[in-house]
2 protein chains.
Amino acid sequence: MKDRMTPAVRMTGHTQRGQCAKRMSILDAAADVFCRQGFAGASIDEIAAVACVSRQTIYNHYREKETLFVAVVEDVMNRANAMLFSVLSTFPDRADNLEDELTAFAVRLNKNCICNHDGKFLRKLVQTEGERYPHLFESWRQQGPGKLTTALSALFGRLAHKGALAIDDFDVAARQFVALGNADLQMMILLGGTPTDEELEKAARNAVHTFLKAYGRTEAEKAGHPAQLAAISG
Amino acid sequence: MKDRMTPAVRMTGHTQRGQCAKRMSILDAAADVFCRQGFAGASIDEIAAVACVSRQTIYNHYREKETLFVAVVEDVMNRANAMLFSVLSTFPDRADNLEDELTAFAVRLNKNCICNHDGKFLRKLVQTEGERYPHLFESWRQQGPGKLTTALSALFGRLAHKGALAIDDFDVAARQFVALGNADLQMMILLGGTPTDEELEKAARNAVHTFLKAYGRTEAEKAGHPAQLAAISG
DNA sequence: GTAAAATTAGACGCCATTGTCTAAAACGTC
DNA sequence: GACGTTTTAGACAATGGCGTCTAATTTTAC
């Protein structure tokens with residue numbers, strides 16, 4: 001019943017750094033093994049081996065397998081959310097050269113949030129263990145894809161107000177933007193592969209091209225409603 | 001080493017029907033348990049219980065766990081492929097009322113091929129065990145999504161030749177059609193839920209609406225190139 | 001250098017599961 | 001009703017993983 005962590009408050013940097021390194025090493029290894037083998041198929045021994053750590057050390061830091069699993073998921077979710085937030089902040093806010101800017105944004109989104117290590121991990125784990133840990137992945141649902149959709153929705157709304165896009169339903173447009181961006185990568189995403197930069201670029205270009213054919217405004221249309229441009233920029 | 005199945009050639013209908021019923025019962029139960037628990041997490045005892053069958057009966061029909069798993073995947077894949085073929089044969093071939101017809105087709109596709117029992121099973125299992133059984137799911141990749149894309153590509157090509165659509169790259173358009181159709185259902189698909197008929201209808205309508213904004217031809221365009229219509233129909 | 005804390009290797013009990021085996025029961029055919 | 005086949009329940013050994021414990025070793029703080 002004694003709390004092994006309480007002495008830590010008296011520790012200075014070095015021990016904490018050493019402990020922290022072990023913890024991260026374990027979390028990384030566990031993420032790797034859980035992702036490949038699933039919760040049931042993953043063995044603590046294998047995780048310990050991958051982490052270059054004794055099995056007992058794992059039990060010291062995380063009481064049992066399930067605790068470790070929860071910690072891994074939360075860790076990956078935090079990283080993924082931070083990355084998503086970071087990428088969302090690069091959404092283009094100018095209307096000029098929209099096709100190129102949206103394409104570059106789609107590349108960033110796919111590369112850093114959807115096709116990267118953490119994205120693959122979360123997608124796979126949500127499918128594999130989602131029903132077994134509803135509360136855990138509910139927060140992923142709301143903070144991951146949920147946040148992505150609502151944020152994108154607002155950002156598209158801003159562009160539409162500037163007269164750069166003609167969108168009736170921003171939520172639908174946001175979901176469709178993401179869906180189009182993944183259209184050419186679906187197979188790779190499902191199989192867990194990693195697209196090359198060329199594939200990412202091409203997929204994003206196809207997606208944005210179609211998206212703008214559906215929601216873009218012609219130069220003539222923009223010229224016909226200059227007031228919308230002035231209203232925002234003024 | 002003795003082959004338990006050889007006496008079966010002498011059997012008359014009833015026994016075979018009984019055996020076949022057992023086999024199907026086992027396959028269904030195993031699909032259910034494998035899907036929920038994954039390969040490692042599924043236990044033969046649970047499968048036997050769900051199938052209302054003795055554990056030994058499973059070992060009589062399928063030598064070991066892995067044999068059973070392979071048989072289950074092949075069984076589901078056959079059903080899914082048949083359904084996909086069936087739905088593909090209902091693709092609209094007329095250009096009139098295209099939006100409604102494409103919407104209805106998208107509903108059929110999502111309802112019967114992607115969001116149904118077999119579709120969910122295959123998607124989940126491909127993600128969970130795809131790396132462990134590459135050859136097994138390679139055929140799924142080619143006959144499932146691969147066939148869907150190439151078939152849709154050809155079907156859109158037919159519509160384009162009739163002048164109903166303006167498509168430059170049929171493969172890209174086919175993938176985007178599927179992606180748009182899933183855009184509003186992504187979350188439910190990932191979580192393993194089943195959309196209601198209203199949700200299916202709305203998702204398909206949104207998808208086709210955007211798809212036709214990008215690839216549809218205006219009445220004016222169609223009128224400007226009546227030759228394409230005449231060339232096919234004549 | 002010393003003391004405290006963390007880490008390690010290994011053994012251990014426990015439990016679930018796999019796959020085999022056997023004898024009894026149920027089923028279908030004749 | 002007799003016979004062959006299939007199915008069943010249960011016991012069984014073997015395996016492997018989880019989680020605990022201990023004693024030795026390393027790391028860190030002071």
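Within every chain, numbering begins at 1; the chains are lettered A, B, ... in the order of the sequence lines, protein sequences first and strands thereafter. Values reported hereafter were calculated over all heavy atoms of this structure, with side chains retained and with hydrogens, waters and symmetry mates removed.
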Asker: Tell me, for nucleotides 9-23 of chain D in 5' to 3' order, what letter each nucleotide earns: B for a base near a protein heavy atom under 4.0 Å, S for only sugar-phosphate near one, - for neither?
Answerer: B-B-----SSBBB--
Asker: Which pairs, with at least one residue in residues 181-200 of chain B and sequence neighbours excluded, count as a ring pair (Phe, Tyr, Trp, His ring centres under 6.0 Å)?
Answerer: none
Asker: Once you round it to whole Å, what is the distance between C1' of C/dT20 and CG of B/Asn60?
Answerer: 11 Å
Asker: Applying salt bridge (charged side-chain N to carboxylate O under 4.0 Å, His left out), name anything that partners B/Arg55, two or more places apart in sequence or on another chain.
Answerer: B/Asp45
Asker: For A/Glu138, give me all partners under salt bridge (charged side-chain N to carboxylate O under 4.0 Å, His left out), at least two apart in sequence or on another chain.
Answerer: A/Arg141
Asker: Five pairs per end, C1' atoms only: what is the angle between the end axes of the helix from C/dG1-D/dC30 to C/dC30-D/dG1, to 10 degrees?
Answerer: 30°
Asker: Can you list everything that forms a salt bridge (charged side-chain N to carboxylate O under 4.0 Å, His left out) with B/Asp169? Sequence neighbours excluded, please.
Answerer: none
Asker: Figure out the CZ/P separation between B/Phe34 and C/dT17, and round it to whole Å.
Answerer: 13 Å
Asker: Taking only distance into account, with no hydrogens and no angle test, what donor-acceptor pairs under 3.5 Å do side-chain atoms of residues 68-78 of chain B form with protein atoms, sequence neighbours excluded?
Answerer:
{"residue": "B/Asp75", "atom": "OD2", "partner": "B/Arg79", "partner atom": "NH1", "Å": "3.1"}
{"residue": "B/Asn78", "atom": "ND2", "partner": "B/Glu74", "partner atom": "O", "Å": "3.4"}

Asker: Could you list the donor-acceptor pairs under 3.5 angstrom formed between side-chain atoms of residues 82-91 of chain A and any protein atom two or more places apart in sequence or on another chain?
Answerer:
{"residue": "A/Ser89", "atom": "OG", "partner": "A/Ser86", "partner atom": "O", "Å": "2.6"}
{"residue": "A/Thr90", "atom": "OG1", "partner": "A/Val87", "partner atom": "O", "Å": "2.6"}
{"residue": "A/Thr90", "atom": "OG1", "partner": "A/Arg108", "partner atom": "NE", "Å": "2.9"}
{"residue": "A/Thr90", "atom": "OG1", "partner": "A/Arg108", "partner atom": "NH2", "Å": "3.3"}

Asker: For the pair made of CD1 in B/Ile58 and C1' in D/dT6, what is the distance, rounded to whole Å?
Answerer: 15 Å
Asker: Rounded to whole angstroms, how far apart are NZ on B/Lys22 and P on D/dT6?
Answerer: 13 Å
Asker: Excluding sequence neighbours, so at least two apart, what forms salt bridge (charged side-chain N to carboxylate O under 4.0 Å, His left out) with A/Lys111?
Answerer: A/Asp197
Asker: Show your working on salt bridge (Lys or Arg N to Asp or Glu O under 4.0 Å) between A/Asp171 and A/Arg175 and close with a plain yes or no.
Answerer: CA-CA 6 Å; A/Asp171 282 338; A/Arg175 284 194 293 266; 5.3 Å; no
